[in-house]
Each structure stands twice: as C-alpha cells, then as structure tokens.
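Start at 1 and go down the list; that is how both ligands and their atoms are numbered. Being a predicted model, the structure only gives us computed values, none of them experimental.
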Amino acid sequence: MARIGFIGLGNMGLPMAANLVKAGHSVTGFDLNTNALTALAQAGGQAAGSAAEAVEGAEVVITMLPAGEHVRQVYLNQGGLIDVTKGRKPLLIDCSTIDVDSARTVEAEASRAGLSMLDAPVSGGTAGAQNATLTFMVGGSDQAFARGKPILEAMGRNIFHAGGPGAGQAVKICNNMMLAINMVGVAEGFILAEKLGLDWQKLHAICATATSNSWALSSYCPAPGTVPTAPSSRDYAPGFMAQLMLKDVKLSQAAAEAAGSPTPLAAQAMSFYQAVCDAGDGAKDFSVVFRWLAGQGR
Ligand code: NAD
C-alpha cells in the first residue's frame, strides 16, 4: 500500500481520497478550505497544513484542482510540488481537467526534475468519485502508466492509457464538449415536451430506451424530479458546477480554433453556459442550463 499526498479535496477530490483510504492507502491531504481537511480526517486520512507538508514522504502525489492556473501554481512555483519532491521521485498524477498546454508544461518541468508524471482527468461525476467507478483517461509514458494504474484502480473502474503527455486532457475536453452540447439538447427536448403537455416521467421512461438516450438523459436528466439522484432534483446542487463546464468548453473551443476544427454547436452551448454563469448560477450544477433555457421561453 502506498503513501499518498492528495491536494484539492473538493466535490471530486474528497471522495476520491476517501476511496484511497478505503483501499488501504495512507493518505495525507491539503486544501485551502479547512472544512475539506476536517472531512478528510473523518474519512480516515490525515490533514496537512500545506501542499508541501502533504507530500512529505509520499510515493504518489495526486492533485484534483479546478483549472490549469491552480495546477501550474501548485506544481511549478518556487517551493511547489516539483521543487519539494524532486529528491524522492514520487509519481505525480494530476486528475484535474486543464488545458493541454498546461498539462504538457508541467509534465515537461517534472521530467526535467527527473520525475514521472501522468495527466489523468476523470469522467463519471461526483457519484463516480463516491462509488469508485470513475473513468480515467491517462496521458504519459508506458512506465508511468504502469506505476499509476493500481492506484487509479482504487478510485475508478475504467483506466485508459490514451497516449503520451497531454493525451488524457485531449480526450477529456472532447468528451466534455460533447456532454455540454448533449445536455442542452436534452434540456430543449424536455422543455418542448412540457409545452406539448407531456409528462416528464413518461418522456424520460420512453426516451431512455429510445434513440435519444444518453447519460445526460438517463442518469442526469436536467428536468427536476425525473431522476431522483440527479442534481436537478436537489435544486441543481453540484455535481459538476456550470462554471467548470464553461471552463471546459472554453478549453475545447481554444483547442478547436488552434486545430482548425469546426465546432458551431459547442460555440452555441458555450454562450449558454456563459449566460448561466452571468446570471449568478455558476456554482450550480451545469444541468441548470435547463432552468436558464426554460426562462428564455415565451
Ligand atoms: P471543486 O471546486 O469542488 O474542488 C477543487 C478544490 O481545490 C477546492 O476544494 C479548492 O479549495 C481546492 N484548491 C484550489 N486551489 C488550491 C490550492 N492552491 N491548494 C490546495 N487546494 C486548492 O471542484 P471539483 O468539482 O472537485 O473539480 C475538480 C476538477 O475535476 C476540475 O478540474 C473539474 O473540471 C474536474 N471534474 C469535475 C467533475 C465533477 O463532476 N465535479 C467531473 C469530472 C472532472
């Protein structure tokens, strides 16, 4: 069993760290939010006073932070994780969803310091994090992947090696771009259904077995009350915050522009998530786009 330093104990990081503890690993964590540290201690981990303290003596370092700027700050700053761990050579695993450039920059810096690093963003939401059923899409060398896989298996069910450094992030932004568009599509369907006098439960039951089915429809339906465990049934408490989805679609749009790839629906979806955030709902689950769209109707 490994000694693991875990930085970023938010909606995803905390249940992931708790699953590592359940699997018998020794987990020391750090987050800027002290409530998260208390929760980690309750789950059987140890709370540290700083990121550097959390990774002291760690064989594996895992980060689960909001965006590229946080990941660069935590790894690259003087006294950052690369600086403080380079003598001991732990495996570094960043599970955050960030831009491919930041992932490759941090990995290159780690490699210069003699450290192995994986970008290992996840899919499956907070339920997947709690139930250890996440999908990991991993970028990095074959050797680093072989070292990281048994650790990731304590937090997820499907662990894919997507390619070299940054490949995990590239898969992730394509996945989330498709999800962002899909969620808007499901929202439009359920809003129209209501206007046509249909019952949402019946529509849900039928479409979940028909060609419009998707994860956004069957497991995460944005129409309140159709799926009891979905964020829509708890006033859109996250889940996956709209501001994080907006970040991800901005990342995929930037990548699409750089690659010359056409993404007109993603551009439209991005403007909707931007409007949701501008309306003050950025900290709600991204499926709240349903409520925003419904408010645009006559
Ligand atoms: P979150 O905001 O709930 O958690 C991030 C945590 O990082 C917070 O607790 C914050 O205090 C902490 N943090 C920020 N800067 C820090 C620093 N310098 N040092 C220590 N801690 C710091 O976000 P989340 O929902 O857990 O998402 C984390 C990442 O996972 C994001 O990149 C997101 O896009 C991705 N993701 C989220 C979901 C989801 O359903 N929530 C699903 C897949 C991927």
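Taking a 4.0 Å cut-off on heavy atoms, M241 registers as neighbouring ligand 1. Using 4.0 Å as the threshold, S123 has no heavy atom nearer than that to any atom of ligand 1. Put simply, no part of A36 is less than 4.0 Å from ligand 1, judged by heavy atoms.
In this structure, A120 and L152 approach most closely via the heavy-atom pair CB-CD1, 4.3 Å.
Between G239 and ligand 1, at least one N/O pair is under 3.5 Å apart. Checking only distances, D31 does come within under 3.5 Å of ligand 1, N or O to N or O. Residue V74 has no N or O atom closer than 3.5 Å to an N or O atom of ligand 1. Remark: ligand 1 and S96 share no N or O pair separated by less than 3.5 Å (distance only, no angle test).
Ranking protein heavy atoms by distance to atom 42 (C) of ligand 1, first place goes to M12 CE, 3.7 Å. Protein heavy atom nearest atom 40 (O) of ligand 1, with residue, atom name and distance: F240 CB, 3.2 Å. Counting protein heavy atoms only, atom 3 (O) of ligand 1 is closest to N11 N, 2.9 Å. Nearest protein neighbour of atom 4 (O) of ligand 1, counting heavy atoms only, is G10 CA, 3.3 Å. Ranking protein heavy atoms by distance to atom 35 (C) of ligand 1, first place goes to T97 OG1, 3.6 Å. Regarding atom 30 (O) of ligand 1, its nearest protein heavy-atom neighbour is M64 CE, 3.1 Å.
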Report task. Would you please test Y220 and F286 for ring pair (Phe, Tyr, Trp, His ring centres under 6.0 Å) and show each step? Result -> CA-CA 10 Å; Y220 217 79; F286 78 108; 5.7 Å; yes

Report task. Could you walk me through whether W215 and F240 pass ring pair (Phe, Tyr, Trp, His ring centres under 6.0 Å), step by step? Result -> CA-CA 14 Å; W215 179 83; F240 181 46; 9.4 Å; no

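For the atom pair CZ (R291) and OH (Y236), the distance works out to 6.5 Å, reported to the nearest 0.5 Å. The line from CE of M245 to SG of C277 is 11.0 Å long, rounded to the nearest 0.5 Å. Between the CE atom of M12 and the CE atom of M64 there is a distance of 4.5 Å, given to the nearest 0.5 Å. We find the CG-CG distance between D94 and L65 to be 6.5 Å, quoted to the nearest 0.5 Å. Within the model, atoms NE2 of H70 and CD1 of I7 stand 14.0 Å from one another, a figure rounded to the nearest 0.5 Å.
The ligand atoms of ligand 1 that sit less than 4.0 angstrom from a heavy atom of F30 are 19 (N), 20 (C). Counting atoms of ligand 1 from 1 in the listed order, those under 4.0 Å from a heavy atom of L244 are 23 (O), 25 (O), 27 (O), 33 (C). Contact atoms of ligand 1 toward K247: 31 (C), 32 (O), 33 (C), 34 (O) (distance under 4.0 Å to a heavy atom of the residue). For ligand 1 and V122, the ligand atoms under 4.0 Å from any heavy atom of the residue are 43 (C), 44 (C). Residue-ligand proximity, T126 to ligand 1, at heavy-atom distances under 4.0 Å covers atoms 40 (O). Heavy-atom proximity to G125, at under 4.0 Å, picks out these atoms of ligand 1: 40 (O).
In the hydrophobic cluster analysis, where Ile, Leu, Val, Met, Phe, Trp and Tyr join through side-chain heavy atoms closer than 4.5 angstrom, V21 is grouped together with L37.
Distances from atom 20 (C) of ligand 1 to the heavy atoms of L251, T34, I7, D248 put I7 nearest. Atom 13 (N) of ligand 1 has its nearest heavy-atom neighbour, among D94, L65, N35, in L65. The closest heavy-atom contact to atom 5 (C) of ligand 1, among the options P66, G8, G80, comes from P66. Taking each of L32, N33, L9, L134 in turn, the one with a heavy atom nearest to atom 21 (N) of ligand 1 proves to be L32.
Residue K172 touches ligand 1 through its side chain alone, judged by heavy-atom distances below 4.0 Å.
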Do any side-chain atoms of residues 172-183 form donor-acceptor pairs under 3.5 angstrom with protein atoms, and if so which ones, sequence neighbours left out?
from: K172; atom 1: NZ; to: V122; atom 2: O; distance (Å): 2.6
from: K172; atom 1: NZ; to: N176; atom 2: OD1; distance (Å): 3.1
from: N176; atom 1: ND2; to: D248; atom 2: OD2; distance (Å): 2.7
from: N182; atom 1: OD1; to: S214; atom 2: OG; distance (Å): 3.0

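Under the side chain to side chain contact (heavy atoms under 4.5 Å, CB included) test applied with P90, the options V60, L81, L115, V55 reduce to a single match, L115.
Looking at K284, its side chain never comes within 3.5 Å of a backbone N or O of P231 through a donor-acceptor pair. Listed for the S116 side chain is no donor-acceptor partner under 3.5 Å among the backbone atoms of L91.
Under the 30°/60° scheme for interplanar angles, the aromatic rings of H204 and F190 are found to be tilted.
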